[in-house]
Amino acid sequence: MKKLFKSLFTCLLASTMVFTGVACNPSNGVKIDETKSQLHVFNYNGGVGSVWITKAQNDFAKAFENYSFEEGKKGVQFIPENAKTAELQTVANSNNEVIFCEIANYPSLVDSNVLLDITDIMDVPLNEFLVDENGQPVTSDSESIIDKMYEDSVDYYSYKAGKFYALPHYSIFSSITYNKAIFEKKGLYFAKNPGSTTESKFIQRGNMDKSCGPDGVYGTTDDGLPATWEEMFALCDYMLTRDVTPFIWCGNTSGRAGYFNYLLNCIYLNLAGAEQARYNYSFDSGANEVTIVESIDSNGNATTKKEVVNSTNFDKVLNSELAKYETIKIADKILDASAWQHKECTNGTASMLSTQQAFIRSTSLDDKPAAMLVEGSYWYNEADDAGYIDDAAYDPDYYDNNDYQLLPLPRIYGGSFKDIENVEQHKTVVSDQNDTVACINAKVAGNPDKVKLAKMFLAYCYSKEKLAEFTEITRVTRSLKYDVNTANLDHWGKIVWDFTSASDLLLPYSSNRLYLSNRVMLSMHISNNFWNAGTTKCFNGLRGNDKKASDFFNRYMTREWSK
Amino acid sequence: MKLNKKKFDKSLFAFYLSLIILPVIQFVIFYVIVNANSLALSFKNYYYDDANNLVTEVVWFKNIFNVYKDLFTDAHTISMVKNSFLFYAMSLVFGAVVSLFFSYYIYKKRLFAGFYKVILYMPHIVSTMVITIMYKFFCTYGVPFVVETLTGTTVGGFSASIDSELAYILFFVAYLGCGSNMLIYTSTMASISDSVVEAAEVDGVNNIQEFWYIILPGIFPTFSLFLVTGLLVIFTGQGGLFNFYGLEAPDELHTLGYYMFIRVRSAVNSGNYLDYPYLAAFGLSLTFIAIPLIFGLKWLLQKYGPKAD
């Protein structure tokens, strides 16, 4: 009996081990169709959702339903996985074969040999590569993938011996969304012909002509908006007199520094312009000089000079850009002005969704509604997915009181619109910032049929039709050159598309060895260190009226770089 | 007389092997190999060469030297050491000492002992994240409301300033500390012979004398174990910072343990291997400091601590 018990117990233990081995379901609950080839696809569905990939998969399966990817089979069956996980951190152990993801350290992934070389599909016209079993193209796109990529992208993604291992995926950027309806109702626009009093600087009855706005040009959509940061400060003070709270951002103690980085990114990119911001990644300004801070006096005034950026002095110059100091001064002023901040900004238990909801509902719930939301450009998708827009729209006055637009920011610090009147300024700048990639798992390398299928699907998703469809569905743009039929975009999609089209795009990466060695410090992702002085996050370094921008920037100027 | 040799029982051996093989494999992989790898990392450096290849070089003790240099000269590292001692002091005072008094109170079954037992131990039953979120919410809204209602004074909530955040977190650490070892202390106290306690009561000792001369010597081995292992809190303790801030605690509040955790977590999140050697050296360097401290404290407690006899 004892022996029998021991045997049974041993078998139970052994089978427990086996159960753990079969606990994973590699087909994600999908019933395998043996007549078709399978392809595992992962999609990071935060912000862009999964509707776009489902449609792409269905359309691809339909287009190639009679195509034989492997002997004895026709067509393809997709095994999708949609999640908000950093799949690429564990790609070596993943069943997923084609991966659309974000927060990817591309150089590390390449060095780890976990991504498949896709160089051979980069310069093939897609209407020649994507042909069905009858040789008919499934796309009218005669361009190749590389034709659609920006030069900086080509440079970065082929940094390793000219080979490509991934493609840029979607583009999301730091933004400030303003509620235009509040601006309209409260008269929060700068007047073209201001008077001497505070109120008369803004449009009033009988003086409704707006100033030129930050672009310096009259008759454009940014007329009346603050043209300089000093005007923005004046606007914030004026908003308080008009029962409006200027800013709202997520104040959660585990995320506020990151959300504050969105504000910093927006401010800096528009002060510096795309060309100057790019020097942070190219480490070479050629003959162009950058204004840098030499020293800061006790009143916070900077002594400046101009220098070029090159590989020997880049650390000193990039650490002391005047545009960065001005950014930090602006951020410090906003952070110190508690009256300018919605209560969500200091709510340690807020979440990004609760903040979005507070912004959406503030016109109906708050005595002083919030005018400007600091968030990523994808915030509307998240709020919509959570049902906040539909909920708020039950209020009959919702659409009268809410018209969200992306705010074009000032390009200079001091002065007024008079200083830039009829002098065209550089475009607004947006920066691709979430390290998003599309790639193929190197595990498929040993299966030529699977390699072909994976490459064809990946290329299909980069055809002009699918790029446009992605934006139409998700309201998010791609870091590529393509067109969209704006009639197919909804309200927010059109806003994002128009804003991005009118802006310069900064791609914050390069193949420069100095970039690869200092990558984390240069990433503009909210969790990374672009704005840190050593380990001190900018938010923490400025928070509190006793902390000065000059002190923080003095530490920022001593940042160490890997050379 | 010949001894009977035990026959080798194959089925018994198979049974034992099936029990221990998984734990042993796990130990070898996740402890021995992982720590050996970390040890080796301390002596390396990664960099990109001109052809953008990631290269490894052996730098011997350079990383460890840099860590010790930072420990004595870098303002942030010095601040972390101070915070680590502050949080250790809180956990020592409340986790080891005050917890002892609460445990004695509960052991003696005084008024509301059962209530204190539940309230003090509850944070250790309910998820710490849940407790943290509830506490943060209470501090943000509840405390200002209660204080203003009772005293008319307006006070800031949790996020009013870094000082207020530190104060609230220290209170949280203290509250968690009070109940942390309570169950073990009370059960150890319960194991002291009742006859000894009754004899002391007959002799007319008061509660303080009973605690000092009978209870404390009786539980001193347990108490000293907590003191010795608690010393590690200086080097690994996060003070609950991750629960409150994720990866974004203000620099002023960083502890050594929290700093190492967020640096490693950030490196993993961003796939940036370049930071790993310094972080590995950081851990190793603190180990060199921790080992003599822990053994020294253990020797002191054994030599000078009260004995049950």
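Bear in mind the structure is a predicted one, so any value in this text is a computation, not a measurement.
In terms of non-hydrogen atom pairs under 4.5 Å with chain A, the most contact-rich of B:Ser159, B:Ser11, B:Ser18, B:Ala51 is B:Ser159. No other option in A:Gly251, A:Ser112, A:Gly255 has as many heavy-atom pairs under 4.5 Å with chain B as A:Gly255. Among the candidates B:Asp50, B:Ile262, B:Leu247, the residue making the largest number of heavy-atom pairs closer than 4.5 Å to chain A is B:Asp50. Interface check for chain B: of the options A:Lys3, A:Arg543, A:Lys537, the most heavy-atom pairs under 4.5 Å are formed by A:Arg543. Listed options A:Asn512, A:Asp111, A:Thr346 were ranked by heavy-atom pairs under 4.5 angstrom with chain B; first place goes to A:Asp111. Ranking B:Tyr46, B:Phe158, B:Tyr141 against chain A, the residue ahead of the rest is B:Tyr141, based on heavy-atom pairs under 4.5 Å. The residue among A:Gly534, A:Gly258, A:Ser523, A:Ala161 with the most heavy atom pairs within less than 4.5 Å of chain B is A:Gly258.
For A:Lys547, the part sitting under 4.5 Å from any heavy atom of chain B is the side chain, from C-beta outward, and nothing else. Using a 4.5 Å cut-off between heavy atoms, B:Asn45 does not touch chain A at all. Within the 4.5 angstrom heavy-atom criterion, atoms from both the backbone and the side chain of B:Ile162 approach chain A. Contact of B:Thr140 with chain A is made through the side chain alone, with heavy-atom distances under 4.5 Å. For chain B, no part of A:Ser562 is nearby; none of its heavy atoms comes within less than 4.5 Å. Heavy-atom distances place the side chain of B:Leu274, and not its backbone, under 4.5 Å from chain A. Of the atoms belonging to B:Asp49, it is backbone heavy atoms, and not side-chain ones, that fall under 4.5 Å from chain A. At a 4.5 Å heavy-atom cutoff, the contact between A:Asn252 and chain B is made by side-chain atoms alone. Heavy atoms closer than 4.5 Å to chain B are found in the side chain of A:Lys160, but not in its backbone.
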Inset, instruction - Start with the C-alpha distance between B:Phe61 and B:Phe43, add both sets of side-chain angles, then the distance that settles ring-ring contact (aromatic ring centres under 6.0 Å, His included), and finish with yes or no. - result: CA-CA 6 Å; B:Phe61 291 93; B:Phe43 305 105; 5.3 Å; yes
Legend entry - Full working for salt bridge (charged side-chain N to carboxylate O under 4.0 Å, His left out) between A:Arg519 and A:Asp435: CA-CA 11 Å; A:Arg519 193 180 171 282; A:Asp435 301 327; 3.5 Å; yes
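To the nearest 0.5 Å, atom NE2 of residue B:His76 and atom NE2 of residue B:His254 are 5.0 Å apart.
Salt-bridge formation is not detected for the pair B:Glu248/B:Arg265: no Lys NZ or Arg NE/NH1/NH2 atom is positioned less than 4.0 Å from an Asp or Glu carboxylate oxygen.
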For residues 29-42 of chain B, please give each side-chain donor-acceptor pair under 3.5 Å, one per line with the distance, not counting sequence neighbours.
| unit_1 | atom_1 | unit_2 | atom_2 | d |
| --- | --- | --- | --- | --- |
| B:Asn35 | ND2 | B:Tyr31 | O | 2.8 |
| B:Ser38 | OG | B:Val34 | O | 3.2 |
| B:Ser42 | OG | B:Ser38 | O | 3.2 |
| B:Ser42 | OG | B:Leu39 | O | 3.3 |
| B:Ser42 | OG | B:Ala280 | O | 3.4 |

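Ring geometry for A:Trp561 against A:Phe283 counts as perpendicular: the plane angle is over 60°, on a 0 to 90° scale with 30° as the lower cut.
Judged by a 6.0 Å distance limit and a 45° cone about the ring axis, A:Arg559 is positioned over the six-membered ring of A:Tyr556.
Side-chain atoms of B:Tyr16 and B:Asp9 form no donor-acceptor pair, as typed in the model, at a separation below 3.5 Å. Side-chain atoms of A:Asp155 and A:Ser511 form a donor-acceptor pair, as typed in the model, at a separation below 3.5 Å.
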